[in-house]
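One structure below.
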Amino acid sequence: MKTILTGLRPTGNLHLGHYFGACVNYLKLQDEYDFYLEIADVQGLTDNFFNPEKVRHNVKEITIDLLSIGLDSSKVHFFIQSRIPEIAELTVFYSNLVTVARLHRNPTVKSEIAQKKEIFGNEGESITYGFLGYPVSQAADITCFNGELVPGGEDQMPLVEQCREIVRKFNSIYGDTLKEPEILLSENKRIKGLDGNDKMGKSLGNAIYLVDSEEEISKKIMGAVTDENKIKRDDPANPNKCMVYYYHKLVNNKENINKVCDECQKGTRGCVQCKKELIESMNNFLSDFRAKRKVYEENPELVDKILADGTREALKKAKEQMVKVKKAMKLDYEN
Ligand code: ATP
Ligand code: MG
């Protein structure tokens with residue numbers, strides 16, 4: 001059985017970007033793979049080091065979200081990154097195999113530094129060693145479990161590529177030890193935000209969260225960006241410039257999607273009606289999730305046990321891998 005390693009940062013709840021960008025593949029693959037799902041608290045701290053409460057709180061929140069979309073804890077090992085010290089050890093070893101210049105050139109790191117001016121300064125002049133190095137730590141996450149497939153969104157591509165480079169360098173110096181992982185993108189590899197921004201993100205304040213209440217969903221959709229040229233109810237418009245149509249395509253059925261598109265183009269559909277229909281479809285889409293989430297909220301000890309069991313399994317696998325790595329690097333003093 002092949003191994004999957006993937007992860008999410010506990011910096012907030014799951015949003016539609018996570019769900020359609022990455023989690024749909026988790027759901028598809030959980031039966032066929034040995035699946036390790038990392039709650040990446042150490043990585044979460046790289047740009048939240050000043051707010052440890054936020055990261056701690058969201059470890060459980062995001063685990064509950066992931067269980068409530070239908071991931072099965074008897075098939076997926078949910079584990080907490082900081083509880084696997086082998087990952088930190090590997091990060092140190094790999095830090096010799098990547099140049100600082102290469103990390104600065106990583107497109108995902110570059111765009112995230114630009115987004116986080118309040119932490120890293122206008123020109124990225126206050127970037128920390130930890131944040132710049134997070135792709136190295138992510139290479140350690142993947143290879144610590146011999147991850148072969150990494151399902152994720154488009155922003156993960158440069159990170160998996162960086163991991164592959166580190167693996168090749170490691171193997172060429174220390175002998176064939178690590179596997180080169182591959183990324184698996186979903187059909188919707190980058191989900192847009194309510195404001196029309198290219199990426200829905202926790203840090204961008206433009207997300208619809210799976211945990212949002214009916215009132216929150218309604219408020220957010222009512223404020224979503226639509227075609228600015230449509231002013232009156234019966235103006236024809238371009239649905240491809242409208243975030244309401246964009247989300248209809250994610251959660252509605254084919255017949256309704258065609259109807260929305262057609263009526264919008266002809267000018268026989270007002271934006272308010274269209275938004276109300278989307279609110280209804282979104283609530284239908286979320287109803288299963290809400291019911292499952294309630295069970296975990298009422299039984300938090302279930303979640304603690306799932307994390308403890310998954311972390312134990314992950315630790316076993318990480319220790320086995322570490323023996324191989326240390327032997328290859330001639331650090332196997334115990335044997
Ligand atoms: P942050 O803004 O704190 O980085 P995030 O919303 O980007 O948070 P992550 O935990 O960094 O979330 O990402 C978890 C997974 O979800 C990754 O595989 C990432 O590629 C995917 N993902 C996140 N946002 C989107 C999006 N808008 N479209 C597609 N995939 C996404
Ligand atoms: Mg991110």
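For reference, positions follow the sequence shown, starting with 1. Any value given below was found using the heavy atoms of this structure, including those in side chains, with hydrogens, waters and symmetry copies removed.
- Here the side chains of Gln162 and Met157 are not in contact, with every heavy-atom distance at 4.5 Å or above.
- Using a 4.0 Å cut-off between charged side-chain N and carboxylate O, Asp47 and Lys116 make a salt bridge.
- At least one side-chain heavy atom of Met329 sits less than 4.5 Å from a side-chain heavy atom of Phe93.
- Taking the side chain as every heavy atom from C-beta outward, Gln321 and Asn146 approach each other to under 4.5 Å.
- When side chains are defined from C-beta on, Asn13 does not count as touching Leu210, because their heavy atoms never get closer than 4.5 Å.
- A donor and an acceptor atom, one from each side chain of Gln138 and Gln43, are located under 3.5 Å apart.
- Between Arg293 and Glu61 there is a salt bridge, since a side-chain N of the basic residue sits under 4.0 Å from a carboxylate O of the acidic one.
- Salt-bridge formation is not detected for the pair Lys2/Glu32: no Lys NZ or Arg NE/NH1/NH2 atom is positioned less than 4.0 Å from an Asp or Glu carboxylate oxygen.
- For Asp195 and Asn206, the side-chain atoms include at least one donor-acceptor pair closer than 3.5 Å.
- In summary, Asp41 and Arg83 do not engage in a salt bridge, as defined by a charged side-chain N under 4.0 Å from a carboxylate O.
- Taking CD1 of Ile113 as the start and OG of Ser126 as the end, the distance is 11.0 Å to the nearest 0.5 Å.
- Side-chain N/O atoms of Glu216 and Tyr209 include no donor and acceptor closer than 3.5 Å.
- A distance of 11.0 Å separates CZ in Phe35 from OG1 in Thr3, rounded to the nearest 0.5 Å.
- Ion pairing between a basic and an acidic side chain is recognised when a charged N comes within 4.0 Å of a carboxylate O; Lys259 and Asp262 show no such pairing.
- Tyr19 and Val76 fall within a single hydrophobic cluster, where Ile, Leu, Val, Met, Phe, Trp and Tyr are joined by side-chain heavy atoms under 4.5 Å apart, directly or via other members.
- With salt bridges taken as basic N to acidic carboxylate O contacts below 4.0 Å, none links Glu123 and Lys110.
- Using a 4.0 Å cut-off between charged nitrogen and carboxylate oxygen, Glu165 and Arg102 count as a salt-bridge pair.
- Under the 30°/60° scheme for interplanar angles, the aromatic rings of Tyr36 and Phe145 are found to lie parallel.
- Between Phe285 and Phe20, the ring planes lie parallel to each other; the angle is under 30°, not in the 30° to 60° tilted range.
- Note that the CG atom of Leu71 and the SG atom of Cys23 stand 7.0 Å from one another [nearest 0.5 Å].
- A salt bridge between Glu297 and Lys294 is absent, with no side-chain N of the basic residue lying under 4.0 Å from a carboxylate O of the acidic one.
- Nearest approach of Pro151 to Ile4, heavy atoms of both residues: CD-CG2, 3.7 Å.
- Remark: Asp304 engages Lys60 in a salt bridge, criterion side-chain N to carboxylate O under 4.0 Å.
- Between Asp212 and Lys220 there is a salt bridge, since a side-chain N of the basic residue sits under 4.0 Å from a carboxylate O of the acidic one.
- Note that the CG atom of Leu307 and the CZ atom of Phe79 stand 11.0 Å from one another [nearest 0.5 Å].
- With salt bridges taken as basic N to acidic carboxylate O contacts below 4.0 Å, one links Asp235 and Lys232.
- For Asn58 and Arg9, the side-chain atoms include no donor-acceptor pair closer than 3.5 Å.
- Inspection of the Thr11 and Lys202 side chains reveals an N or O donor paired with an N or O acceptor under 3.5 Å.
- Within the 4.5 Å cutoff, no side-chain heavy atoms of Ile221 are placed close to those of Tyr247.
- At least one side-chain heavy atom of His248 sits less than 4.5 Å from a side-chain heavy atom of Cys274.
- Here the two rings, on Phe131 and Phe49, have centers that are 6.0 Å apart or farther.
- Taking the side chain as every heavy atom from C-beta outward, Leu278 and Val260 never approach each other to under 4.5 Å.
- A distance of 9.0 Å separates NZ of Lys230 from CZ of Arg269, quoted to the nearest 0.5 Å.
- Between Ser186 and Asn188, the side chains place no donor N or O within less than 3.5 Å of an acceptor N or O (distance only, hydrogens not considered).
- A salt bridge does not link Glu313 to Lys317: none of the charged side-chain nitrogens sits closer than 4.0 Å to a carboxylate oxygen.
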